[in-house]
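Working notes for the structure below.
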Amino acid sequence: MSQDVDVLIIGSGIGGLTLALSLHQAGISCRIYEAVPELKPLGVGINVLPHAARELAELGLLPELDKVGVRTAESAFFTEHGQFVYSEPSGTAAGYDWPQYSIHRGDLQTVLLNAVLERLGADSVVCGYKCTGVTQDGERATAHFVSPEGDALPSVSAKVVVGSDGVHSALRKQLYPNEGAPRYSGVNMWRGTAKLKPFLSGASMTRIGWLEIGKMVIYPIRNDIDEDGNQLINWVAEINDETPAIRDWSRPGRLEDFLPAFENWKFDWLDVPAMIKSSDSILEYPMVDQDPLPTWTEGRMTLLGDAAHPMVPRGSNGAGQSIIDARYLAGRLKELGVGPEALKAYDDVRVKQTTQVVLTNRVNPPDTVLRVVFDRTGGKRVENLDEVVTQEELQEITSNYKKIAGYAPEELRARPSFL
């Protein structure tokens, strides 16, 4: 394995893998170094919004995504009583040139990883290398590593090092050693998957209730998983809680901690408690983020994805912003050369854009639709919700978020390719 590449990528998550594919497309050599000894598909469901799907389309990946994900047809909102509030089409059904996908995180990562190994070669991803920090001498950046057991491993240098090493990023900590603990939103969440018959359109992303009494996000992430035509359904339960859960993506959750809030959610289109109880496993996680940073870049080192801008998952936008980071960075490296000038150009644009998304996710994400209805009804059933809030007002909420997050239809269609 040749050590001589232009870009070292620390971390093989969605952002890191997308960056490797994009650099390869741009003719820039790279290699990924991953801390875990073996890559395994982890996580539960995520959404790939049209602005991110556009980037994956430019990498030629949509046929593979169609095999494993669900093209989302609509985004629908309901009260905790199961009463319809608002819906709008999604992806190509909404007039976009690109689809929206609901997909298992592990399936998306596998599609990206297989493409990296096929296009860049079997030695393009090196596992069992945990990065402990980066040093620079002006001409090169050198990443230092230890094994999973903590033993020192050979250091590797390149023209640029990109830290896409997630929410516990060693490179972010190197840049901001005194940053402090994550900012807790006051909400804990529980996540799981269940095998169910299709409900509503069979491709609906549904948001129900509100945080004060319990809120859920429910959507299919795999089609036809058995001979009975069942789907794999992803669900997220969210409840206000003064005490944050432990920040560990793989921490098991307990039914008794959240199920009582949803015991009566038996709608004519979905039995929510039955769905939760049928899940194979449940994960618990606090809804946290970090205050936006003024810069992600120092010389020949920069950050990307969750390492750069961890955000509360209330806009279905975390993975998408990582993908856009990767594509925009690859474009600047192609345009300006592999060095500090390109990293600064990336930093100047993406820090500002993702700061807006992080802050908007805190206060006015798309599920603000449900907050408005809950506040005006006091959580009580109202026969005619149009007397409480107009459809035009609710549409304005979701339209504003699309503009901030970078996927308003006309603007997205008009934007030139990053590469």
Side-chain angles (χ1 to χ4, degrees), residues 47 49 72-91 93-95 100 102 185-190 199-219 233 235-242 258-273 275-276 287 312-317 356-357 359-405 407-409:
N47 274 266
L49 298 174
T72 313
E74 68 166 345
S75 180
F77 300 80
F78 296 83
T79 70
E80 65 273 22
H81 308 292
Q83 187 176 12
F84 173 79
V85 174
Y86 174 74
S87 72
E88 61 184 16
S90 300
Q100 175 175 331
S102 296
S185 68
V187 178
N188 281 324
M189 62 181 180
W190 294 261
F199 65 92
L200 297 177
S201 71
S204 300
M205 181 177 182
T206 58
R207 297 177 175 95
I208 316 165
W210 185 241
L211 299 168
E212 292 181 32
I213 45 87
K215 170 179 168 280
M216 292 203 73
V217 184
I218 306 170
Y219 51 90
I233 304 296
W235 58 263
V236 185
E238 306 167 10
I239 305 175
N240 285 343
D241 193 331
E242 294 181 358
F258 71 99
L259 183 60
F262 308 101
E263 282 282 17
N264 297 323
W265 287 25
K266 298 178 181 180
F267 313 134
D268 57 5
W269 48 274
L270 184 64
D271 186 330
V272 172
M275 175 193 68
I276 294 172
M287 198 170 280
V312 292
R314 289 180 57 196
S316 303
N317 212 5
Q356 290 181 303
V357 177
L359 297 180
T360 302
N361 275 12
R362 291 179 179 180
V363 292
N364 283 311
D367 64 14
T368 300
V369 164
L370 297 175
R371 184 187 70 202
V372 169
V373 172
F374 182 83
D375 287 347
R376 295 184 188 179
T377 63
K380 297 178 181 179
R381 184 180 180 89
V382 175
E383 288 307 317
N384 188 358
L385 286 174
D386 288 339
E387 295 178 356
V388 176
V389 59
T390 67
Q391 295 290 294
E392 290 76 17
E393 185 177 356
L394 299 179
Q395 182 181 26
E396 185 178 1
I397 292 170
T398 60
S399 295
N400 285 341
Y401 186 80
K402 291 170 188 173
K403 292 177 182 177
I404 291 169
Y407 66 104

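Residues passing the side-chain contact (heavy atoms from CB on, under 4.5 Å) test with Asp268, sequence neighbours excluded: none. Here Glu74 pairs with Ser204 under the side chain to side chain donor-acceptor pair (under 3.5 Å) rule; sequence neighbours left out.
Distance check: Leu211 CG to Asn188 CG gives 11.0 Å after rounding to the nearest 0.5 Å. Taken from CD1 in Ile276 to CD1 in Ile233, the straight-line distance is 13.0 Å, to the nearest 0.5 Å. Tyr86 OH to Ile397 CD1: the interatomic distance, rounded to the nearest 0.5 Å, is 9.0 Å. Note: Phe199 CZ to Thr206 OG1 = 4.5 Å, rounded to the nearest 0.5 Å. Going from atom CD of Gln356 over to atom CG of Asn361 covers 12.0 Å, rounded to the nearest 0.5 Å. Distance check, rounded to the nearest 0.5 Å: CG of Asn317 to CG of Leu49 gives 5.5 Å.
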Inset, instruction - Test Asn47 against Tyr219 for side chain to side chain contact (heavy atoms under 4.5 Å, CB included), laying out the working first. - result: CA-CA 9 Å; Asn47 274 266; Tyr219 51 90; 3.3 Å; yes
Inset, instruction - Could you walk me through whether Arg207 and Val85 pass side chain to side chain contact (heavy atoms under 4.5 Å, CB included), step by step? - result: CA-CA 10 Å; Arg207 297 177 175 95; Val85 174; over 6 Å; no
Legend entry - Worked check of side chain to side chain contact (heavy atoms under 4.5 Å, CB included) between Phe374 and Ile213: CA-CA 10 Å; Phe374 182 83; Ile213 45 87; 3.6 Å; yes
Inset, instruction - Any chance you could lay out the side chain to side chain contact (heavy atoms under 4.5 Å, CB included) test for Leu385 and Gln83, step after step, and finish with the verdict? - result: CA-CA 9 Å; Leu385 286 174; Gln83 187 176 12; 3.9 Å; yes
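For Trp235 and Phe258, the ring centers are positioned less than 6.0 Å apart.
Legend: side-chain hydrogen bond (donor to acceptor under 3.5 Å, both in side chains) pairs involving residues 364-376, not counting sequence neighbours, sorted by first then second residue: Lys215-Asp367, Arg314-Asp367, Asn364-Arg371, Arg376-Glu393.
In this structure, Thr79 and Thr377 have side chains that are not in contact, with every pair of non-hydrogen atoms separated by 4.5 Å or more. You'll find the side chain of Glu80 stays beyond 4.5 Å of the side chain of Trp210, heavy atoms only. Contact of the Phe78 side chain with the Leu200 side chain is registered, since non-hydrogen atoms from C-beta on lie closer than 4.5 Å. Using a 4.5 Å cut-off on side-chain heavy atoms (C-beta onward), Ser316 and Met205 make contact. Side-chain contact between Arg362 and Ser185 is absent, with no heavy-atom pair separated by less than 4.5 Å.
Ring geometry for Tyr401 versus Tyr407: interplanar angle over 60°, hence perpendicular rather than tilted (30 to 60°). The aromatic rings of Trp265 and Phe267 sit tilted, their planes meeting at an angle between 30° and 60°.
Closest approach of Pro366 and Gly315 over heavy atoms only: CD-CA, 3.9 Å. Nearest heavy-atom pair across Thr398 and Gln395 is OG1-O, 3.0 Å. When all heavy atoms of Ala261 and Ile239 are compared, the closest pair comes out as CB-CD1, 3.8 Å. Minimum heavy-atom separation, Ala73 to Ala93: O-CB, 3.8 Å.
When the shell of 6.0 Å around CD of Glu396 is examined, it contains 12 or fewer heavy atoms from other residues, nucleotides or ligands.
No side-chain donor from either of Ser75 and Ser90 sits under 3.5 Å from a side-chain acceptor of the other.
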